[in-house]
Colleague: 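If you scroll down you'll find the structure; I have some questions about it.
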Amino acid sequence: MRPELLFPLFADVSDLPGIGPRIEKALAHLTGKRILDLLWHLPTGFIDRRFSPPVSGMVDGRVATLTVKIIAHKKPPNKRVPYRVICKDETGELPLVFFHGDGGYLRRMLPEGEERIVSGTVEFYNGLPQMTHPDYIVKPDEEDEIPAIEPVYPLTAGVTGKTLQKAIGGAMKRLPEMPEWLDSAYQAQHSWPAWKQALTIAHYPENAAALDPQTPARQRLAYDELLANQLALALVRERSRKRRGRALACGHQLRAKVLRALPFSLTPSQLQAIAEIDGDLAADSAMLRLLQGDVGSGKTIVAFLAMLTAVEAGFQAAFLAPTEILARQHYQGLLPLAGLAGMEIRLLTGRNKGKSRQKILDGLKNGEIQILIGTHALIQQDVAYRDLAFAVVDEQHRFGVYQRLALAEKARIPPDILVMTATPIPRTLTLTLYGDMDVTKIPERPPGRKPIDTRVVTLARLQDVIEGVGRAIGRGERAYWVCPLVEESEVIDLAAAEERHGHLKAYFGDKVGVVHGRMKGPEKDAVMADFMAGRIQILVATTVIEVGVDVPEATIMVIEHAERFGLAQLHQLRGRVGRGDKASTCLLLRSPDISDTARARLKIMRESDDGFRIAEEDLKLRGAGELLGTKQSGFPEFHLADLAVHTDLLRAAWDDARYIIAKDPNLFSERGRALRVLLYLFERDGAVKYLKSG
Ligand code: ADP
Ligand code: MG
C-alpha cells in the first residue's frame, strides 16, 4: 500500500486553492491530474524581479520592480491609442501603458495621488522609459505578493503562466519531508540536496545556470527517477532469478522434421540465435533473452524452433502477439509446421468467447494443447496451463514489463522467456527497458531479398501515384495503402481510411479492400484473407498492419502523410514489402509544406534501409519516447531524467540498484524503507509487490 506520507502528492489538482474544473482539465492535458504531476513539470526559464532602481536608473528591456506615485490618467481619444497612466518617483516619470485599457478598472487599480508597487518590463521610447501592461500592481504594504524570482513553465492552451505558477506554488506547499533514500556517501560526493530542497531549487531557479540539467538539484531529481526505474527492474529480475527454472533438453526430433520440410535453409545468424537460445533452455535457470532482428529477418521461425524444444521435452509453450491480425498470421503460418511435428497448436484471442474459449482453456489445462498463440487474451486471469515452460513475446515494445510477468506467472516453475523486437533500441534505452537482459541479434536478412526503392512524393502528385499502383496491379502485384494516424482520434483515422478507400474504389472497383482497428474480428480476417489470396489487390489500412504482417506478393507500400509517422514506424511499414522475389517500392507521400526536421527525417528513410541507423537518427531528431511510441509501449516515460544528458546517472543507478538488492533484497533496512517510498513515489507499485512485507 502507498505510504500515507505520499497521499497529499497523489491528490487531485482540484484540491489546490484556485483550481476550478476548466483549469483542472487544461492541467490534466499539460501535466496530469495529480499534484504529483505538477511537481514533475520543471521550469524552463525564470523572471528576476529583484532589479529595483528609481525611474532614472531604468534599463531598456529589463524587468524592474519599483514604487511610484500615480499622477494622472490619460484617456485616449480613440481605440487605436493606448490608455496611459502617468506615474513618477523623485527621479522621473514612468507612464504605464494599457492597450484597450478599461478606464474604470484602471482607476480602481491605480487611484490618482496614491502609491503603488509595479513590476514589469520597461521599454524606452524616444529616450523615455515606459512600462506596458505591468505584470503586478500592488499596494505598498502588499510587496510580498510580487515574487522576487518567478519560474517560467512550458505552457499549453487554457493555462496561463500565472495560473500554472500558482498551481505549482500550491503543490510545493504540500511537499512532505521524505526519508533519505540515497546512499549518504554517494549523495555527499555529488553535493546533492535533500529531495524537498532539490525540488524547491529546481522550481525556483535563481539564475540561468540553475536551469541546467546538470546542476546538483536537477541531477538529484533525475537520479531518483532513474533509481526507481532500475530498482524496480532489478527486483523483478531478482524474483525470477531466485526461483529456479527448469532444464529443457531433448533429442530435437521434432525440430529435425520441421527443418527438413522448410522451403528455405536458415541463415547463419538464425542458426547462431537458436544455438544461444538452446544453451539457455538447457540450463536450469530461467531464460530472459531479447531477440533483436530487423524487420523480415526471420525471428518467427527461430522462436518456433525453440518452442518445439519445450514441447518435445514434455511441456507447453505460449506465443504472445500484440495484435489480432498478427496472432492469426503467426497461427496460420505455423499451423502446417506444427502439423508436420504432430503437435497441437491453437489460437486464442479476444474473439474466442463462450464455448470456443472454454474448449481452448480445457485443452490447455489438460495438456492437449501444446502451443498456444494469441493476443492479450493469453494473460487473462482464468487462462491456466498444465505446465507452461516457455513463453515468447513478439514485438516486445508493445507490451509492458508487467504484462510479460503476468504471462510468466502462469507457469508453476519460472518459464524461459524469449522477447522479440524489430525496433533496434540504442544501448542506453535497453538498460532502462530491461535492466540487464541478455541480447541476441540477427544482423542479416534471408538471402535473395531485393532492396526496396523508397521515394518521397508530395501529395500533389496523388494522381501519378494512383496510376503507378494501377500499373503494378495490372502486372498481378499487390499494394498496401496506409492512411495516417491522426493524433488522439481513432475516429478521424477511420474517416481518412474510409474516404481513401472510397476514392480508390472509384478507380479500381472490387480490387480494393479496407482494414482498420475498429472493424470486427471476422470482418478483418475476411479482408486479410482476401488480400493474401489476391482476391483484392489493394489494401487500404490504418496502422493496424504496422507490425509483422507477411504477404510476399505485396510490392508497393504507399504511406500517406508519411511526415506524421515515427521513423521506426515507417521502417516497420516499409518492411511489409520486399518479402518476395520481385522488386518493391515504398512511396512516402508528404504534405507540400513540411518542416526542415520532417524533411530530414524522410531523407533518412530514402537513404537508409538499416533499422539501426534509422532508429539512432530518429532518437537524435525526436527523443526516446517518440522513437518507441511511448504511449503504447512498455517504455518508461521519464519526467525528470533526460537520457540524452543523464546517461552516467543511469549507469550509476543500475549499479546502485544491484548493490541494494544484494545487501537488502527485501528493503527492510532504514535505507530500504526509504527506497520503498521512492518506488511508490514513481509509481513502481508493481515492483513493491515482490518484496516481503514486514
Ligand atoms: P520478422 O523477423 O520481421 O518477424 P518473419 O519471421 O515474419 O520476420 O519472417 C519474414 C519472412 O521470411 C517469412 O515469410 C519467413 O518465412 C521468411 N524467412 C524466414 N527465415 C528465412 C530464411 N532463412 N530464408 C528465407 N526466408 C526466410
Ligand atoms: Mg515478426
Side-chain angles (χ1 to χ4, degrees), residues 255 258-277 289-308 319-323 325-341 345 371 373 375 392-399 418-425 439-452 478 480 528 531-533 543-555 557 568-582 584 586 609-612 614-615:
R255 181 184 292 179
V258 169
L259 285 178
R260 270 198 302 276
L262 276 185
F264 49 77
S265 45
L266 297 178
T267 64
S269 27
Q270 283 173 317
L271 289 170
Q272 174 65 29
I274 290 171
E276 284 176 21
I277 295 166
R289 188 172 279 279
L290 171 68
L291 180 60
Q292 200 173 29
D294 206 348
V295 180
S297 60
K299 297 183 290 294
T300 316
I301 187 71
V302 170
F304 180 70
L305 294 172
M307 287 197 283
L308 288 185
F319 191 132
L320 180 62
T323 65
I325 288 179
L326 199 51
R328 198 157 293 270
Q329 176 190 289
H330 282 321
Y331 173 70
Q332 275 155 3
L334 296 178
L335 191 60
L337 299 181
L340 280 175
I345 183 169
I371 293 185
I373 297 185
T375 55
V392 179
V393 181
D394 195 17
E395 310 294 346
Q396 149 77 13
H397 62 288
R398 291 295 192 92
F399 296 97
L418 182 67
V419 304
M420 310 202 287
T421 184
T423 308
I425 311 164
V439 180
T440 293
K441 288 189 180 160
I442 305 187
E444 73 197 330
R445 281 190 229 182
R449 295 274 168 83
K450 296 245 165 50
I452 301 164
R478 278 169 236 171
Y480 294 99
M528 288 311 289
F531 187 62
M532 280 179 191
T543 44
V544 289
I545 58 153
E546 178 193 339
V547 289
V549 175
D550 190 31
V551 178
E553 294 83 1
T555 56
M557 167 63 69
Q569 216 178 0
L570 288 177
H571 185 61
Q572 271 277 1
L573 285 169
R574 180 169 61 182
R576 299 307 112 219
V577 295
R579 295 182 159 237
D581 45 14
K582 292 214 183 68
S584 294
C586 175
D609 186 31
D610 175 350
F612 226 94
I614 289 172

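Note that the structure is a prediction, hence the values are computed from the model and not measured. Atoms within a ligand are numbered from 1 in the order they appear, just like the ligands themselves. Just the heavy atoms: all of them, side chains too, but no hydrogens, waters or symmetry mates, feed the values below. In this chain, numbering begins with 1 at the start of the sequence shown.
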Colleague: Please could you name the atoms of ligand 1 that T267 approaches to less than 4.0 Å, counting only its heavy atoms?
Modeller: 23 (N)
Colleague: Counting heavy atoms only, which part of Q270 comes closer than 4.0 Å to ligand 1: side chain, backbone, both or neither?
Modeller: side chain
Colleague: Between ligand 1 and G298, is the shortest N or O to N or O distance under 3.5 Å?
Modeller: yes
Colleague: For K441, is there an ion pair with D294 - N to carboxylate O distance below 4.0 angstrom?
Modeller: no
Colleague: So for S265, does at least one of its heavy atoms come nearer than 4.0 angstrom to any atom of ligand 1?
Modeller: yes
Colleague: At a 4.0 Å cut-off, with the gap strictly under it, does some heavy atom of S297 reach an atom of ligand 1?
Modeller: yes
Colleague: Would you mind running through ligand 1 and noting each atom that sits below 4.0 Å from a heavy atom of T300?
Modeller: 4 (O), 5 (P), 6 (O), 7 (O)
Colleague: Any luck finding a side-chain donor-acceptor pair between R289 and T440 under 3.5 Å?
Modeller: yes
Colleague: Is the backbone N or O of T267 less than 3.5 Å from a side-chain atom of Q270, with the two atoms forming a donor-acceptor pair by type?
Modeller: yes
Colleague: Can you sort out the partners of L335 under side-chain contact (heavy atoms from CB on, under 4.5 Å), two or more places apart, ordered by chain and number?
Modeller: Y331, I345
Colleague: Just jot down the side-chain contact (heavy atoms from CB on, under 4.5 Å) partners of E553, sequence neighbours excluded, or say none.
Modeller: R478, V551
